[in-house]
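See below for the structure under consideration.
Please read all numbers here as calculations on a predicted model, not as lab measurements. Indexing begins at 1, ligand by ligand and atom by atom, following the structure's order.
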Amino acid sequence: MSRTPSRDNAFERTIRSLIFTRGLRYRVHFSLPAMPRRTCDVAFPKKKIAIFLDGCFWHACPVHGSQAKTNSDFWSKKLKRNADRDHETDIHLYSQGWRVLRFWEHEQPYDIVDRIVAEVAARTATDS
Ligand SMILES: [Zn+2]
């Protein structure tokens with residue numbers, strides 16, 4: 001398979017370095033609670049925040065996902081499975097009391113990081 005989704009792609013690295021610059025410390029490729037072999041891209045485990053940085057192709061984004069429609073049946077099915085799995089992961093995390101944030105790679109990095117920082121701050125406020 002030629003189009004292997006890479007870990008640590010440019011999108012993930014960009015977002016992680018911006019979060020770090022904002023003074024937040026996080027875990028990378030964190031193993032999700034009670035979900036063997038599934039990870040999120042960035043996690044704040046103590047605050048139970050899971051962040052997914054989704055590639056437009058692999059996760060069939062609504063803006064750029066048209067690629068998948070014109071592709072073969074194989075790709076349609078594969079991308080559908082990815083989307084189903086994402087959904088299942090979200091539901092599981094919510095049930096465990098986690099907050100799930102998903103971002104598309106076509107979103108503005110600074111907007112994404114602002115939302116992450118706000119979420120971490122909000123979660124901190126409710127902890128006390
Ligand atoms: Zn997109």
Checking one value in my table: which N/O/S atom of His64 lies closest to the Zn ion (ligand 1)? ND1
Please report, to 10°, the angle around the Zn ion (ligand 1) from atom SG (Cys61) across to atom SG (Cys56). 120°
Need the atom name: nearest N/O/S atom of His106 to the Zn ion (ligand 1). ND1
Determine, for Phe44 and Arg27, whether the Lys NZ or Arg CZ falls below 6.0 Å from the six-membered ring centre while staying within 45 degrees of the axis. no
Kindly say whether Asp86 contributes a backbone atom to a donor-acceptor pair with the side chain of Arg102 at under 3.5 angstrom? yes
Any chain of hydrophobic side-chain contacts (each under 4.5 Å) joining Ile49 to Phe103? yes
Any side-chain heavy-atom pair of Ile19 and Val113 under 4.5 Å: yes
